[in-house]
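Structure first, commentary second.
A, B, ... follow the sequence lines: proteins, then strands. Residue 1 opens every chain. This structure is a prediction, so every number in the text was calculated from the model and none was measured.
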There are 2 protein chains.
Amino acid sequence: MVQYLDLPLDLSFAALSDATRRGIIERLGRGAASITSLADQFQMTLTGMKKHIQVLERAGLVVTWKVGRVRTCTLGNRGLSAEAAWIETHRKLFEARFDALDDIISEMKQEGGDDSAR
Amino acid sequence: MVQYLDLPLDLSFAALSDATRRGIIERLGRGAASITSLADQFQMTLTGMKKHIQVLERAGLVVTWKVGRVRTCTLGNRGLSAEAAWIETHRKLFEARFDALDDIISEMKQEGGDDSAR
DNA sequence: TAAATACTGAACCATTTGGTTCAGTGTATG
DNA sequence: CATACACTGAACCAAATGGTTCAGTATTTA
């Protein structure tokens, strides 16, 4: 059985599920920024913004470094390729789902669910 | 300023952030299934699986209907197009981020963050 | 009609999340 | 050297998550 344990995808999809964090990515796409300036732009405390940055960093979407007292944030080099790959692969399943209408009937006839469950 | 409020994306990325739910999508890509059979396959209580299905349904990724006492689940017709679009759009920003290295230096020279924050 | 099946809903639980405040620490700057 | 600035960390909070159990309801089936 396939091991449905894909921590990196867990982390990055979770990171992308917050509109503020998607906004941060969009913002960093236009150039680097400090945590303070991001906190200003997104009307949030510095501590709150730092937490968002940490989530994005753990997901590998953002990279930061500190010079003096300023921590600068940019988009990470890992990018969104793994996420794009998962989505593209499974998009095909959605498109092909009408071909599976026969399966619905056959599964319903089996009255115990499907055989891959046994 | 752009309104960073995109509830549909919030819901679907959150739905995709769980490995079990990604597994359910993969499974439904191979044909419809009842909640009970999914609960069996993913070694979970029926109630637990029902919750996952509800999350996927609210995100528009799964559609269900009940015939008799059996609720059948399939992939939704909305698909993953909105998610794919967001990812593809922002993937370019990641790829272009090296072009922004000059910005980093200029922003650091501004010593107050960046001007779009003012 | 009695028993089994498939789901539904409520309640509970521990953990995580998204935010805050407050109290530091280290770095520039006047 | 004193003050301001940028961040860090701890503590707290309400709400959401991902699971469970237990007690129904509705539908088949023997």
Side-chain angles (χ1 to χ4, degrees), chain A residues 4-7 10-24 32-59 62-73 104 107-114 117-118, chain B residues 4-7 10-24 32-59 62-73 104 107-114 117-118:
Chain A
Y4 290 120
L5 257 162
D6 210 326
L7 266 300
D10 274 35
L11 290 177
S12 51
F13 279 133
L16 294 178
S17 74
D18 184 275
T20 299
R21 284 191 295 261
R22 287 196 305 277
I24 292 168
S34 70
I35 300 187
T36 296
S37 75
L38 289 171
D40 285 349
Q41 291 171 67
F42 290 90
Q43 304 203 97
M44 188 176 297
T45 58
L46 182 58
T47 312
M49 179 53 68
K50 193 180 176 277
K51 283 194 179 182
H52 278 304
I53 295 297
Q54 277 171 346
V55 170
L56 288 164
E57 243 186 320
R58 262 183 270 122
V62 159
V63 166
T64 76
W65 65 91
K66 204 169 178 177
V67 176
R69 58 188 176 183
V70 178
R71 180 169 294 277
T72 303
C73 314
I104 296 172
E107 292 219 21
M108 276 163 55
K109 279 183 184 160
Q110 286 177 17
E111 84 220 75
D114 65 72
R118 299 212 176 88
Chain B
Y4 290 119
L5 256 162
D6 209 327
L7 265 300
D10 274 36
L11 290 177
S12 51
F13 279 133
L16 294 177
S17 74
D18 183 275
T20 299
R21 285 191 294 260
R22 288 196 304 277
I24 292 168
S34 70
I35 300 187
T36 296
S37 75
L38 290 171
D40 285 349
Q41 290 172 67
F42 291 90
Q43 305 203 96
M44 186 176 297
T45 57
L46 182 58
T47 312
M49 179 53 67
K50 192 180 175 279
K51 282 194 180 182
H52 278 303
I53 294 298
Q54 277 170 347
V55 170
L56 289 164
E57 242 186 321
R58 261 182 270 123
V62 159
V63 166
T64 76
W65 65 90
K66 204 169 178 178
V67 175
R69 59 188 175 183
V70 178
R71 179 169 297 276
T72 304
C73 313
I104 296 172
E107 292 217 21
M108 274 163 55
K109 280 182 184 161
Q110 286 177 15
E111 85 222 70
D114 66 76
R118 300 213 179 89

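With distances taken from any side-chain atom of A:L46 to the nucleotides D:dT8, D:dG19, D:dT20, the minimum falls on D:dT8. Looking at the side chain of B:K50, the nearest of the listed nucleotides D:dT8, C:dG9, C:dG19 is C:dG9.
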Give every pair of a protein N or O atom and an N or O atom of nucleotides 22-28 of chain D that lie under 3.5 Å apart, one pair per line with the distance.
residue	atom	partner	partner atom	Å
D:dT27	O2	B:R69	NH1	3.1

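Contact between A:I24 and A:L38 at its shortest, heavy atoms only, is CG2-CD1, 4.4 Å.
Here the side chain of A:R22 pairs a donor or acceptor atom with the backbone of A:L16 at under 3.5 angstrom.
Spacing between atom CE of B:M49 and atom C1' of C:dG9 amounts to 18 Å, rounded to whole angstrom units. Per the geometry, NZ belonging to A:K51 stands 13 Å off P belonging to D:dC13, to the nearest Å. Whole-Å rounding puts the A:D10 CG to C:dT17 C1' distance at 15 Å. Across the protein-nucleic acid pair, B:L16 atom CG and D:dT17 atom C1' stand 16 Å apart, rounded to whole Å. Atom NE2 in A:H52 sits roughly 12 Å away from atom P in C:dT17 (whole-Å rounding). With rounding to whole Å, A:I53 atom CD1 is found 14 Å from D:dT8 atom C1'. A:D18 has its CG atom 14 Å from the C1' atom of C:dT16, to the nearest Å. Here C:dT17 presents its P atom at 12 Å from CD of A:Q54, a figure rounded to the nearest Å.
Qualifying side chain to side chain contact (heavy atoms under 4.5 Å, CB included) partners for A:A59, counting only residues two or more places apart in sequence or in other chains: A:L11, A:S12, A:A15, A:L61. In this structure A:T64 satisfies the side chain to side chain donor-acceptor pair (under 3.5 Å) test together with A:E57, A:R71, sequence neighbours excluded. Applying the side chain to side chain contact (heavy atoms under 4.5 Å, CB included) test to A:A14 and every residue at least two apart in sequence or in another chain returns B:S17.
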Indicate every side-chain donor-acceptor pair of residues 43-50 of chain A with a distance under 3.5 Å to a residue at least two apart or in another chain.
residue	atom	partner	partner atom	Å
A:T45	OG1	A:G48	N	3.1

